[in-house]
Amino acid sequence: MSETAAKAPGAPAPSGDANRWKALVFIALAQLMVVLDATIVNIALPSAQTDLGISDGNRQWVVTAYALAFGGLLLFGGRIADLWGRKRAFVIGLTGFAAASALGGAATSGAMMFGARALQGVFGAMLAPAALSLLAVMFTDAKERAKAFGIYGAIAGGGGAVGFILGGVLTEYLDWRWTFFVNIPFAIVAALGAYFVIREPEGGRNRNPLDIPGVLLSTLGLVSLVYGFTRAESDGWGDATTIGLFVASAVLLTAFVVTETRVKAPLLPLRVVTDRNRGGIYLSLGIAIIAMFGTFLFLTYYLQAIKGFSPIQTGFAFLPMVAGMMIGSTQIGTRLMTRVPARLLMGPGFLVAALGMLLMTRLEIGSSYASTVLPAVLLLGLGMGTAFMPAMSLATLGVEPRDAGVASAMVNTSQQVGGAIGTALLNTIAASATTSYIKDHIATATSKSQQQLVQMEGAVHGYTNAIWFAVGMLALAAVIVVALVNAGKPEATPVASGDGAADEVAIPVVAH
């Protein structure tokens, strides 16, 4: 196959649309909004719960309603982007997300809040894969693609930590409602910019009819899986409903795979996930996110409950990790992605992040932020940024343009499911270790202050036990990358479209 893409008369140059860098600004802004929302609401949750009279038993639905809708509908959202066009899906997703955020900010009851969060998840599931697939089809030159995905990867990885800062500032100095209202200007600017700037390449749509059985089976299967892990965190792994949800998820997702092998126009063409490199990316990303989400959770608890940090101080404590991610993604990943195979960035990246986690296993009540937490979060950010950048790019590299939306959705799905698993699984490990520690040591505590000290020591013991598990998850992610991802340096070559003709857009494919 030729090294350059076939170019029809009047078609854009293989390097891509002239406005692609302007488009990246608005795509990155939208991604930042979605990622921020995942953590910014957590900071505001206690205040919102008090104002709206939400019970302790129901407060989890502020997070769960969003996670279920977002995680369950991602594949459907990616397919809609392929069918309607990624720009249209992107703008509709932004508009709907802004409207749902306005509804959440204006909520007067718990039910209204839960509904708003579910709507945010629905439109987020359309927006996220559309954003990533737009990058995949707009940036076709290998070096430019590396830069674009470096920026995108840094935002995807570091935006959550920034959410802690913004959430703390808005909640402490304004009102919890502003953690929702802040999305509106983000969405308006991104939607207007996208409408006027983005020019989606022609010929990449998948106009086949929707695979309705696939939509139903995948949505119900993913919702059951995410809810199962959410319920396991609150009700335990032995709860009958929890077990039933996992069984239902296994049955539904198995039926989904079988269906996709038999229908003419599948929701998720199995060629997208059975590719050795993409399969390795999806699996390793999901496992790494298990470790990362758990660390966010425990480090937040440690800094606030043990060290007495305020929400704003906690947010700023995460900033070095954001800086590490930016360096790893935009400096290391971007500069080396076109020079070395992806596994030589991702594998070491996950191992550097694991080293950061390893430092966190040394946490004690009296540990200093500067000597223990700071180097740990720096290494974690540096490693994850270096690994995320080639992962985001390779996950859509070489995929047929008509499948770009659903391939992008798989990236988000692996992260969403990994996040749900990480929060539930690591929380369970930590709680079990804490309970065991307190049971073994509380008898020797004769005064109230000693009992409080044992409880704090037990909490930190639980965190470090869970973090050890996270270290293992990152090491496993590195092994998967080395074993499965055998992509070489990207080379710009054309990809055949669905009708067998070369697309006008040069999509980099993997060189072995």
Side-chain angles (χ1 to χ4, degrees), residues 42 45-46 56-57 59-60 63 228-243 246 287-311 313-314 317-318 353-377 379-380 418-476:
N42 289 339
L45 183 55
D56 285 347
R59 68 183 175 189
Q60 65 162 325
V63 176
F229 278 106
T230 302
R231 191 175 174 91
E233 184 183 358
S234 58
D235 295 272
W237 296 91
D239 177 69
T241 305
T242 301
I243 295 170
F246 285 134
I287 289 172
I289 290 294
I290 290 175
M292 191 171 175
F293 266 59
T295 304
F296 274 174
L297 184 71
F298 298 128
L299 200 50
T300 302
Y301 285 156
Y302 174 78
L303 292 173
Q304 291 193 29
I306 306 299
K307 303 301 289 184
F309 282 32
S310 70
Q313 287 176 316
T314 303
F318 277 101
L355 180 59
M357 291 278 195
L358 197 61
L359 291 179
M360 268 190 257
T361 62
R362 299 167 51 226
L363 284 177
E364 297 175 351
I365 290 178
S367 294
S368 138
Y369 173 82
S371 63
T372 305
V373 179
L374 177 60
V377 294
L379 286 171
L380 178 62
I421 293 172
T423 303
L425 185 58
L426 268 67
N427 224 15
T428 303
I429 292 169
S432 176
T434 296
T435 301
S436 178
Y437 183 93
I438 293 174
K439 184 179 178 181
D440 291 343
H441 294 80
I442 197 69
T444 60
T446 55
S447 65
K448 187 174 181 180
S449 60
Q450 287 179 328
Q451 289 174 351
Q452 289 176 336
L453 180 63
V454 167
Q455 288 175 339
M456 290 175 69
E457 287 174 342
V460 175
H461 177 73
Y463 302 157
T464 54
N465 268 262
I467 291 170
W468 270 111
F469 186 84
V471 172
M473 289 289 96
L474 284 170
L476 177 60

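Side chains are part of it too, since the values below use all heavy atoms of this structure and drop only hydrogens, waters and symmetry mates.
The closest side-chain heavy-atom distance from L358 to W468 is below 4.5 Å. A 4.5 Å side-chain heavy-atom check between L359 and L380 finds every atom pair outside the cut-off. Using a 4.5 Å cut-off on side-chain heavy atoms (C-beta onward), V373 and M360 make no contact.
Between I438 and the options T435, D440, T434, a side-chain contact (heavy atoms from CB on, under 4.5 Å) holds for only T434.
S432 places no side-chain N or O within 3.5 Å of a backbone atom of I429 that could act as its donor or acceptor partner. Side chain of T372 to main chain of Y369: no donor-acceptor pair is present (N/O by atom type, distance under 3.5 Å, no hydrogens or angles). The backbone N or O of V460 sits less than 3.5 Å from a side-chain atom of T464, completing a donor-acceptor pair. With hydrogens and angles disregarded, no donor-acceptor distance shorter than 3.5 Å links the side chain of Y302 to the backbone of A459.
How far CG of L299 is from NZ of K307: 11.5 Å, rounded to the nearest 0.5 Å. Considering CD of E457 and CD of Q450, their distance stands at 10.0 Å, rounded to 0.5 Å. In this structure, L426 CG and N465 CG are separated by 10.5 Å, a value rounded to the nearest 0.5 Å. How far CD1 of I306 is from CE of M456: 4.5 Å, rounded to the nearest 0.5 Å.
Summarising the geometry of L474 relative to A291, their closest heavy-atom pair is CG-CB, 3.8 Å, with the distance given to 0.1 Å. The two residues G462 and A433 have their closest heavy-atom pair at CA-CB, 3.8 Å. The two residues G356 and L379 come nearest to each other via the heavy atoms CA-CB, 3.7 Å.
The ring pair (Phe, Tyr, Trp, His ring centres under 6.0 Å) test applied to Y463 returns F298, not counting sequence neighbours.
For E364, the CD atom sits in a loose shell: 12 or fewer heavy atoms of surrounding residues, nucleotides or ligands are nearer than 6.0 Å.
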